[in-house]
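Keep in mind that the numbers below use all heavy atoms, side chains included, and drop hydrogens, waters and symmetry copies. What you see is a predicted model; the values in this text were computed from it and never measured.
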Amino acid sequence: MVELDALGATREAYDAVASTYAELFRDTLRDSPLDRAILGAFAEAVRASGDGQVADLGCGPGHITAYLDELGLAVFGVDASPTMVGLARQAYPGLRFDVGSMAALNIADGVLGGVLSRWSIIHTQPEELPVILGEFHRVLAPGGHLLVGFSGSEAPSHPTQVFDHKVAPAYRWWPDHLAAMLRESGLAEVARMVREPQPTDQRQFQEIHLLVRKVQ
């Protein structure tokens with residue numbers, strides 16, 4: 001049966017560019033001190049709240065999963081693209097990587113100390129996002145932390161905006177709007193980091209990280 005839904009289309013698109021993507025993004029953290037800082041803060045928050053397992057959801061070729069492992073977290077990766085997962089397993093054979101969908105995670109209720117969603121919600125249609133946020137909440141233990149990264153929209157009047165992602169249709173989010181959606185899902189904001197676009201950046205978007213905690 002041919003799968004025509006948005007997830008299927010996104011998976012096929014990332015399968016097609018997986019090798020190129022892995023090569024382009026493998027060393028991105030090296031020149032991104034702010035990203036390293038927020039990932040470090042996330043790791044400390046996870047350890048402080050019980051040091052449970054962490055899922056890197058939308059892990060791609062696994063380079064961020066590997067970095068969290070270096071920070072001392074018990075981390076595994078999940079991605080919808082089998083080709084991405086294959087590359088991650090090849091590059092980091094000591095780590096676990098699974099094929100899966102954020103909308104229906106094969107993870108038991110309340111078992112994770114942390115969830116990382118780094119630019120993995122951007123391909124989710126706005127009306128479908130509450131389902132994924134509900135899954136994040138479901139798999140987190142009480143007090144567990146979620147770090148979600150995404151591109152910011154231009155103004156409160158544009159809570160979501162489509163943008164010209166090179167791989168698959170994608171959306172930007174106004175951070176207060178997304179924070180409110182997370183709060184409705186039982187995930188309270190702890191902190192946020194906003195990176196302003198640099199003149200040399202291809203896209204003049206803010207990059208946002210929201211750190212939230214499961215409160216109910």
Side-chain angles (χ1 to χ4, degrees), residues 28-29 32-60 62-80 85 88 92 94-98 100-122 124 129-152 173-195 206-216:
T28 52
L29 284 181
S32 301
L34 292 177
D35 285 1
R36 295 197 304 272
I38 194 64
L39 289 169
F42 169 67
E44 289 192 28
V46 170
R47 285 194 291 269
S49 63
D51 209 19
Q53 275 198 312
V54 172
D56 179 6
L57 302 180
C59 65
H63 56 298
I64 304 298
T65 317
Y67 184 72
L68 293 179
D69 175 68
E70 291 176 8
L71 293 178
L73 297 181
V75 61
F76 64 96
V78 178
D79 200 276
V85 168
Y92 309 104
L95 298 178
R96 169 187 160 195
F97 296 95
D98 300 329
S101 165
M102 294 190 298
L105 293 166
N106 187 24
I107 301 172
D109 295 357
V111 297
L112 298 182
V115 168
L116 176 66
S117 171
R118 183 179 165 86
W119 273 264
S120 57
I121 66 165
I122 64 170
T124 303
L129 187 59
V131 173
I132 288 175
L133 300 185
E135 279 292 271
F136 293 167
H137 179 274
R138 180 184 66 79
V139 299
L140 279 170
H145 286 80
L146 162 70
L147 179 64
V148 56
F150 57 98
S151 298
W173 295 84
W174 183 248
D176 289 345
H177 178 69
L178 185 54
M181 294 182 68
L182 287 160
R183 189 163 56 249
E184 290 171 3
S185 298
L187 299 161
E189 184 175 350
V190 175
R192 71 175 65 181
M193 185 182 79
V194 179
R195 178 187 178 274
Q206 288 183 334
E207 294 183 352
I208 315 292
H209 285 85
L210 292 178
L211 179 65
V212 300
R213 182 173 58 89
K214 181 174 177 176
V215 293
Q216 58 179 325

Legend entry - Step-by-step side chain to side chain contact (heavy atoms under 4.5 Å, CB included) determination, Leu210 to Phe150: CA-CA 9 Å; Leu210 292 178; Phe150 57 98; 3.8 Å; yes

Inset, instruction - Identify, with sequence neighbours excluded, every residue that meets ring-ring contact (aromatic ring centres under 6.0 Å, His included) alongside His209. - result: Trp119

How far apart are the closest heavy atoms of [X] and [Y], and which atoms are they?
| X | Y | result |
| --- | --- | --- |
| Leu29 | Tyr67 | CD1-CG, 3.6 Å |
| Met102 | Ser117 | SD-OG, 4.5 Å |
| Phe97 | Gly62 | CE2-CA, 3.7 Å |

Answer yes or no: is there a donor N or O on one side and an acceptor on the other, between the side chain of [X] and the main chain of [Y], under 3.5 Å?
| X | Y | result |
| --- | --- | --- |
| Asp79 | Gly60 | yes |
| Lys214 | His137 | yes |
| Ser101 | Ala103 | yes |
| Ser120 | Leu57 | yes |

Legend entry - Close side-chain approach of Val131 to Thr124, heavy-atom, < 4.5 Å: no

Legend entry - Heavy-atom check, side chain of Leu187 versus side chain of Leu140, under 4.5 Å: yes

Inset, instruction - Take Leu178 and Leu182 through the side chain to side chain contact (heavy atoms under 4.5 Å, CB included) test and state the conclusion after the steps. - result: CA-CA 6 Å; Leu178 185 54; Leu182 287 160; 4.3 Å; yes

Which residues pass the side-chain hydrogen bond (donor to acceptor under 3.5 Å, both in side chains) test with [X], not counting sequence neighbours?
| X | result |
| --- | --- |
| Thr65 | Asp56 |
| Glu207 | none |
| Asn106 | none |
| Asp69 | none |

Inset, instruction - Check the pair Ser185 / Phe136 against side chain to side chain contact (heavy atoms under 4.5 Å, CB included), numbers first and verdict last. - result: CA-CA 9 Å; Ser185 298; Phe136 293 167; over 6 Å; no

Legend entry - Spacing of CE belonging to Met181 relative to CD1 belonging to Ile121, to within rounding of 0.5 Å: 8.5 Å

Inset, instruction - Just grab all the side-chain hydrogen bond (donor to acceptor under 3.5 Å, both in side chains) pairs involving residues 37-55, residues at least two apart or on different chains. - result: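 Not a single pair qualifies under side-chain hydrogen bond (donor to acceptor under 3.5 Å, both in side chains).
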
Legend entry - Listed once per pair and sorted, the side-chain hydrogen bond (donor to acceptor under 3.5 Å, both in side chains) pairs that draw on residues 32-43, sequence neighbours left out: Asp35-Arg118

Inset, instruction - With sequence neighbours excluded, give me every salt bridge (charged side-chain N to carboxylate O under 4.0 Å, His left out) pair touching residues 177-194. - result: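 Of all non-adjacent pairs touching residues 177-194, those that pass salt bridge (charged side-chain N to carboxylate O under 4.0 Å, His left out) are Asp176-Arg192, Glu189-Arg192.
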
Legend entry - Sequence neighbours excluded - salt bridge (charged side-chain N to carboxylate O under 4.0 Å, His left out) pairs with any residue from residues 104-117: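 Those involving residues 104-117 are Asp109-Arg138.
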
Legend entry - Identified side-chain contact (heavy atoms from CB on, under 4.5 Å) partner of Trp173 from the options Ile208, Val148, Leu129: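 Running side-chain contact (heavy atoms from CB on, under 4.5 Å) over Ile208, Val148, Leu129 with Trp173 returns exactly one hit, Leu129.
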
Legend entry - Those residues that, when tested against Ala37, pass side-chain contact (heavy atoms from CB on, under 4.5 Å) (two or more places apart):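 None.
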
Legend entry - Full working for side chain to side chain contact (heavy atoms under 4.5 Å, CB included) between Val46 and Leu68: CA-CA 11 Å; Val46 170; Leu68 293 179; over 6 Å; no

